Visitor: 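Take a look at this one; I'll ask things after.
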Amino acid sequence: MEQRHLGRTGLRVSRLGLGTLTWGRDTGEHEAAEQLKTFWDAGGTLVDTADVYADGGAEYLLGRLLEDLVPRRDLVIATKAGSVLDPDRRVDCSRGHLLAALDASLDRLGTDHVDVWQLHAHDPATPVEETLQAVDLAVTSGRARYAGVVGFSGWQLARAATWQLAAPGVRTRLASTQMEYSLLQRGIEREVLPAALELGIGVLPSSPLGRGVLTGKYRRATPADSRGASEHLAPFVAPYLDDAAGRIVDAVRTAADGLAVTPLQVALAWVRDRPGVVAPLVGARTAQQLTAALSVEGLSLPDEIRRALDDVSAPVHRYPDQDWSTL
């Protein structure tokens with residue numbers, strides 16, 4: 001699999017990443033092992049997890065597989081800290097919480113470092129300099145090699161990144177930002193993506209298949225074994241089952257028919273090759289689904305198809321994103 005630099009750093013990662021959101025909850029050890037082995041055999045390196053996935057179960061499961069299945073040195077492990085599991089979905093990016101969370105992650109993963117340590121959310125209650133000092137301490141202590149953020153808005157990303165760049169060689173530059181990005185969700189093109197491109201930060205798209213909707217499997221009905229039929233994931237899929245999304249899904253299916261490939265391959269190739277994107281993160285339910293996603297490696301969309309998909313999925317950006325004098 002082709003490798004790409006993560007932002008303006010020396011770290012190289014596979015241009016598709018493996019997500020582990022369901023590991024330890026919906027995905028058991030046997031299925032997770034099959035996915036990881038399939039991913040590694042295909043040349044994949046970037047594996048993304050978080051300390052709150054399955055309340056730590058995803059990290060623990062990944063750590064067990066690293067012992068026996070795949071060499072630790074062959075993977076780029078990215079995890080997150082800052083989210084707190086409670087009824088209010090609280091965020092805590094204080095220095096104390098972050099560093100304690102990192103130590104707990106390392107213990108569950110069974111490793112002495114993570115390759116990319118990500119702030120899971122912006123914490124308005126903690127000074128940004130305190131949060132970022134925890135990042136610097138993690139890197140200087142060797143417990144993390146690189147740092148990134150998740151879910152930061154454009155101004156939040158720019159503020160954090162420029163704070164780090166203000167003291168080169170002393171503070172750790174941000175390597176990545178993880179955001180939802182697909183043909184069904186292009187909101188990051190408004191502010192986040194321009195900031196990332198300007199500041200040399202690599203984009204890691206989550207839900208690159210529109211929460212599974214872009215595969216076309218929901219076009220007529222909801223499959224019984226899909227996330228859309230799951231009690232706890234159905235609300236996650238529902239926002240992309242409207243008529244506007246349906247028109248985009250139909251366009252993807254038309255493109256796929258013309259290229260003799262699958263809608264999954266078209267949708268994934270589109271987001272993978274967008275400016276600023278380093279590696280879409282694919283969260284598969286089965287190894288068979290992951291294999292289907294990995295098959296996109298040999299596909300590059302023709303310019304005319306890419307432009308057609310750009311047009312049909314174009315988000316509405318008005319003031320102040322376009323020249324006010326034309327409004």
Side-chain angles (χ1 to χ4, degrees), residues 3-15 17 45-46 48 50-51 76-83 91-99 101-102 105 113-181 186-206 271 274-281 320-321:
Q3 305 284 301
R4 291 172 171 172
H5 284 279
L6 187 62
R8 207 167 292 159
T9 74
L11 178 63
R12 290 167 59 85
V13 301
S14 54
R15 64 175 181 169
T45 62
L46 177 62
D48 181 75
D51 62 344
V76 175
I77 297 176
T79 194
K80 313 175 189 75
S83 291
V91 175
D92 186 349
C93 286
S94 65
R95 181 170 53 243
H97 173 79
L98 288 175
L99 294 175
L102 175 58
S105 288
H113 74 279
V114 293
D115 299 287
V116 186
W117 191 44
Q118 304 162 96
L119 303 173
H120 208 162
H122 181 263
D123 180 4
T126 301
V128 67
E129 57 269 25
E130 177 182 335
T131 295
L132 293 171
Q133 186 187 42
V135 170
D136 296 333
L137 287 169
V139 173
T140 56
S141 68
R143 289 176 286 174
R145 299 295 193 251
Y146 296 88
V149 297
V150 180
F152 277 39
S153 68
W155 74 265
Q156 292 164 352
L157 177 64
R159 184 185 184 200
T162 53
W163 176 266
Q164 295 302 91
L165 291 172
V170 178
R171 299 174 189 161
T172 303
R173 73 175 301 140
L174 297 182
S176 64
T177 179
Q178 187 177 144
M179 299 288 289
E180 184 170 353
Y181 190 27
R186 295 175 60 182
I188 71 166
E189 294 176 8
R190 186 179 180 98
E191 292 283 353
V192 176
L193 190 54
L197 287 167
E198 175 68 21
L199 294 162
I201 297 169
V203 177
L204 301 174
S206 58
V271 70
R274 296 295 287 175
V277 167
V278 176
L281 302 172
D321 300 292

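All values below come from the heavy atoms of this structure, side chains included, with hydrogens, waters and symmetry mates left out. Just so it is clear, the model here is predicted, and its values are computed rather than measured.
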Visitor: Is a side-chain N or O of T126 found less than 3.5 angstrom from the main chain of T131, in a donor-acceptor match?
Guide: no

Visitor: What I'd like to find out is whether the side chain of I201 reaches to under 4.5 Å of the side chain of V149, using heavy atoms alone.
Guide: no

Visitor: Report yes if the side chains of V277 and R15 come closer than 4.5 Å at any heavy-atom pair, otherwise no.
Guide: no

Visitor: What distance do Q118 atom CD and D51 atom CG have between them, rounded to the nearest 0.5 Å?
Guide: 11.0 Å

Visitor: Under the ring pair (Phe, Tyr, Trp, His ring centres under 6.0 Å) test, which residues partner W155, sequence neighbours left out?
Guide: H122

Visitor: Kindly compute the distance separating CH2 (W163) from CG (L132), expressed to the nearest 0.5 Å.
Guide: 8.5 Å

Visitor: Sequence neighbours excluded, which residues qualify as side chain to side chain donor-acceptor pair (under 3.5 Å) partners of S206?
Guide: none

Visitor: If you round to the nearest 0.5 Å, how far is CG of L102 from NE2 of H113?
Guide: 11.5 Å

Visitor: According to the salt bridge (charged side-chain N to carboxylate O under 4.0 Å, His left out) rule, which pairs have a member within residues 146-158, sequence neighbours left out?
Guide: none

Visitor: If I take atom OG1 from residue T172 and atom OH from residue Y146, how far apart are they, to the nearest 0.5 angstrom?
Guide: 10.5 Å

Visitor: Any donor and acceptor pair, going by atom type alone, linking the side chain of R173 with main-chain N or O of L199 inside 3.5 Å?
Guide: yes

Visitor: Suppose we screen for salt bridge (charged side-chain N to carboxylate O under 4.0 Å, His left out). Which residues come up paired with R12, at least two apart in sequence or across chains?
Guide: none

Visitor: Can you tell me which residue pairs pass the salt bridge (charged side-chain N to carboxylate O under 4.0 Å, His left out) test with a partner in residues 134-162, sequence neighbours excluded?
Guide: D103-R143

Visitor: Are the side chain of R4 and the backbone N or O of V278 linked by a donor-acceptor pair below 3.5 Å?
Guide: yes

Visitor: Among E130, Q133, E129, whose side chain to side chain donor-acceptor pair (under 3.5 Å) with R95 holds?
Guide: Q133

Visitor: Can you give me the closest heavy-atom contact between A121 and V91, atom names plus distance?
Guide: CB-CG2, 3.9 Å

Visitor: Could you work out, with salt bridge (charged side-chain N to carboxylate O under 4.0 Å, His left out) as the rule, every residue matching D115, not counting sequence neighbours?
Guide: R72

Visitor: Atom CD in Q178, atom CG in L119: separation rounded to 0.5 Å?
Guide: 12.0 Å

Visitor: Could you walk me through whether T177 and I188 pass the side-chain contact (heavy atoms from CB on, under 4.5 Å) check?
Guide: CA-CA 11 Å; T177 179; I188 71 166; over 6 Å; no

Visitor: Please report the interatomic distance CG(L174) to CZ(F152), rounded to the nearest 0.5 Å.
Guide: 8.0 Å

Visitor: Measure from the side-chain N and O atoms of T45 to the backbone N and O of S14, and report whether any donor-acceptor pair falls under 3.5 Å.
Guide: yes

